[in-house]
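Below is one structure, written out as structure tokens; the observations come after it.
Order of the sequence lines sets the chain letters (A, B, ...), proteins ahead of strands, with each chain counted from 1. Just the heavy atoms: all of them, side chains too, but no hydrogens, waters or symmetry mates, feed the values below.
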Protein chains: 2
Amino acid sequence: MHSFTEENYLKAIYKLQETNGEVVATSALAQVMGVHAPSVTDMLKRMAGKKLVTYQKSKGVKLTERGRQVAVGIIRNHRLWEVFLVDKLDYKWDEVHDLAEQLEHIHSEDLTNKLDKFLGFPKADPHGDPIPDSNGVLPKSKAVLLSTLKINEQGTFTGVTDHTAAFLNYLDKTGFSLGDPIKVKGIEEYDQTYTLQLKGKKEVVVSFKVANSLLLSY
Amino acid sequence: MHSFTEENYLKAIYKLQETNGEVVATSALAQVMGVHAPSVTDMLKRMAGKKLVTYQKSKGVKLTERGRQVAVGIIRNHRLWEVFLVDKLDYKWDEVHDLAEQLEHIHSEDLTNKLDKFLGFPKADPHGDPIPDSNGVLPKSKAVLLSTLKINEQGTFTGVTDHTAAFLNYLDKTGFSLGDPIKVKGIEEYDQTYTLQLKGKKEVVVSFKVANSLLLSY
DNA sequence: TAATATAATTAGATTACCCTAATTTAATTT
DNA sequence: AAATTAAATTAGGGTAATCTAATTATATTA
């Protein structure tokens, strides 16, 4: 089995590859892992030895297929446990991240699959992030940032790109709820604030920062 | 927080104190932890430094009150997760131990308490072992070994002292089920085999080894 | 009680993961 | 292209948890 640390590196590399392109830099990894660069160099050598990543001196890292499988497996665990915490234990969506960070490292495919079944094979976690299936296939999301919509366009609120408790709290407070319809009623040229119509005709004004962190589907 | 290793030492010391008396020997601990004696000596020094145990060179270990609290907390986690696995995920009682060994180390009192509530505040795990409450109080069991009963005495099967999958499987196969009544119909002088009447009048013959691993309550 | 056997400790190493300081490699600017 | 800046690596160390081999302390038995 792999250590928790290795698994966390794999997850971090996976996410950086998703958002920042194929090859991941030592410094970027150091930042998200909260360690210093030499620790990363060190770790990458060990992980390359185990064929979890391909690593070339000063040229960054990529996951191998095996590394990707492990990473996706952990993401699957993470998101399923988040669903468990929210659906079964009544946690709120802004409270579950740290607990899921622990639970994701429980090693048992069988447990993961039984949990999946118990939860009714959910497609997404409480933040709208898709849950990989047991073969490590993660459905490509067709959701789009609210900030790309034009006036009078609309969609269903299906996810966020900012997972901080602060942001999620703001959404709760302001009346955003996953699955609800959202319509763009106005965009202010000057400062790019968006006027949105939420479910029940409620209108709210949000900053570009917010509009750029909301995912809508059709 | 404490490391998993520390927590496992604490649990082991706690259990050895329960069964073998107040003071625990290095060698006993080495055996149950599956490590060699010098590793134990080493670890005990570190743990004594953290005030989790009191340790005197060549005189064995005892838990401090703090150490006991941590140990009981882990046992609480372990047993609650076992209930979860059996009641909610349909695991069998002989399959849950290793998974619970992982889950017990999830650090969150809040999670433990929410899980407890979700499970309906169970009093015992799937093997009949009592679950400590949130204050670390573990109810003293009044159960008694079947091997201490005389002919025609009876009780309710409420626990086991052997938790191996092999034994639990044997019980399943033979028709023992937690909560059922058991009556002693005969005891063979020669080899100490017990003839038992199970629920539904079914009679079975078991060895002393088995009779000595079953707990009954009245 | 002296001799022996068992248990526990010390000494010295190893591995995983992390650090700081110094150096090298790569990228950017002049 | 040379000089400067930024990124990455090497060198050398530290801690937690383990090991083996050697030594000391305790317990048992003659």
Detail all sub-3.5 Å separations between protein N/O atoms and N/O atoms belonging to nucleotides 2-8 of chain D.
residue : atom : partner : partner atom : Å
D/dA8   : OP2  : A/Ser27 : N            : 2.8
D/dA8   : OP2  : A/Ser27 : OG           : 2.6
D/dA8   : O3'  : A/Ser58 : N            : 3.4

Original post:
Tell me: CE of B/Met1 to P of D/dA16, nearest whole Å?
Top reply: 16 Å
Subject >> Rounded distance (Å) that lies between atom C1' of D/dA16 and atom CE of B/Met47 >> reply: 13 Å
**OP:** Would you mind reading off the distance between B/Lys45 atom NZ and D/dT18 atom C1', rounded to a whole angstrom?
**Re:** 14 Å
Subject >> Stepwise side-chain contact (heavy atoms from CB on, under 4.5 Å) check, A/Asp129 with A/Ile75 >> reply: CA-CA 10 Å; A/Asp129 295 311; A/Ile75 289 168; over 6 Å; no
Original post:
Can you tell me if A/Asn169 uses its side chain to pair, donor with acceptor, with the backbone of A/Ala165 under 3.5 Å?
Top reply: yes
Subject >> Contact list for residues 70-80 of chain B, test side-chain hydrogen bond (donor to acceptor under 3.5 Å, both in side chains), sequence neighbours left out >> reply: B/Arg76-B/Asn113, B/Arg76-B/Asp116, B/Asn77-B/Thr112, B/His78-B/Glu82, B/His78-B/Glu104
Original post:
According to the interplanar angle, ranging from 0 to 90°, do the rings of A/Phe208 and A/Tyr194 count as parallel (below 30°), tilted (30 to 60°) or perpendicular (above 60°)?
Top reply: tilted
Original post:
Ignoring hydrogens and geometry, is there a side-chain-to-backbone donor-acceptor pair from B/Asp162 to B/Thr164 under 3.5 Å?
Top reply: yes
Original post:
How would you label the contact of B/Ser39 with the nucleic acid (heavy atoms, under 4.0 Å): base, sugar-phosphate, or nothing?
Top reply: base
Original post:
Which whole-number value in Å describes the distance from B/Gln31 CD to D/dT18 P?
Top reply: 16 Å
**OP:** Assign the ring pair A/Phe84 / A/Trp81 to parallel, tilted or perpendicular, where the plane angle (0 to 90°) is split at 30° and 60°.
**Re:** perpendicular
Original post:
Hey, does the side chain of B/Thr64 reach the backbone of B/Lys51 with a donor-acceptor pair shorter than 3.5 angstrom?
Top reply: yes
Original post:
Given side chains that start at C-beta, do those of A/Val83 and A/Phe118 come closer than 4.5 Å, heavy atoms only?
Top reply: no
**OP:** Output every pair passing salt bridge (charged side-chain N to carboxylate O under 4.0 Å, His left out) with a member in residues 87-103 of chain B, not counting sequence neighbours, ordered by first then second residue.
**Re:** B/Lys11-B/Glu101
Subject >> B/Asn8 CG to D/dA17 P, straight-line distance once rounded to whole Å >> reply: 11 Å
Subject >> Helix axis bend for the helix from C/dT1-D/dA30 to C/dT30-D/dA1 - C1'-based end axes, five pairs, 10° rounding >> reply: 0°
Subject >> Sub-4.0 Å heavy-atom contacts from residues 61-75 of chain B onto DNA chain D, ordered by number >> reply: none
Original post:
Rounding to a whole Å, what distance do you find between A/Asp42:CG and D/dG12:C1'?
Top reply: 12 Å
Subject >> salt bridge (Lys or Arg N to Asp or Glu O under 4.0 Å) between B/Glu18 and B/Lys15, intermediate numbers included >> reply: CA-CA 5 Å; B/Glu18 290 291 287; B/Lys15 288 185 175 173; over 6 Å; no
Original post:
chain B on DNA chain C: first and last contacting nucleotide, 5' to 3', under 4.0 Å to a heavy atom?
Top reply: C/dA8 to C/dT10
Subject >> Exceeds 12 heavy-atom contacts within 6.0 angstrom, atom CD of B/Glu109 >> reply: no
**OP:** Using atom types as modelled and distance alone, determine if a side-chain donor or acceptor of A/Tyr91 lies under 3.5 Å from a backbone N or O of B/Leu111.
**Re:** yes
Original post:
Under 3.5 Å, side chain of A/Arg46 to main-chain N/O of A/Glu6, donor-acceptor pair present?
Top reply: no
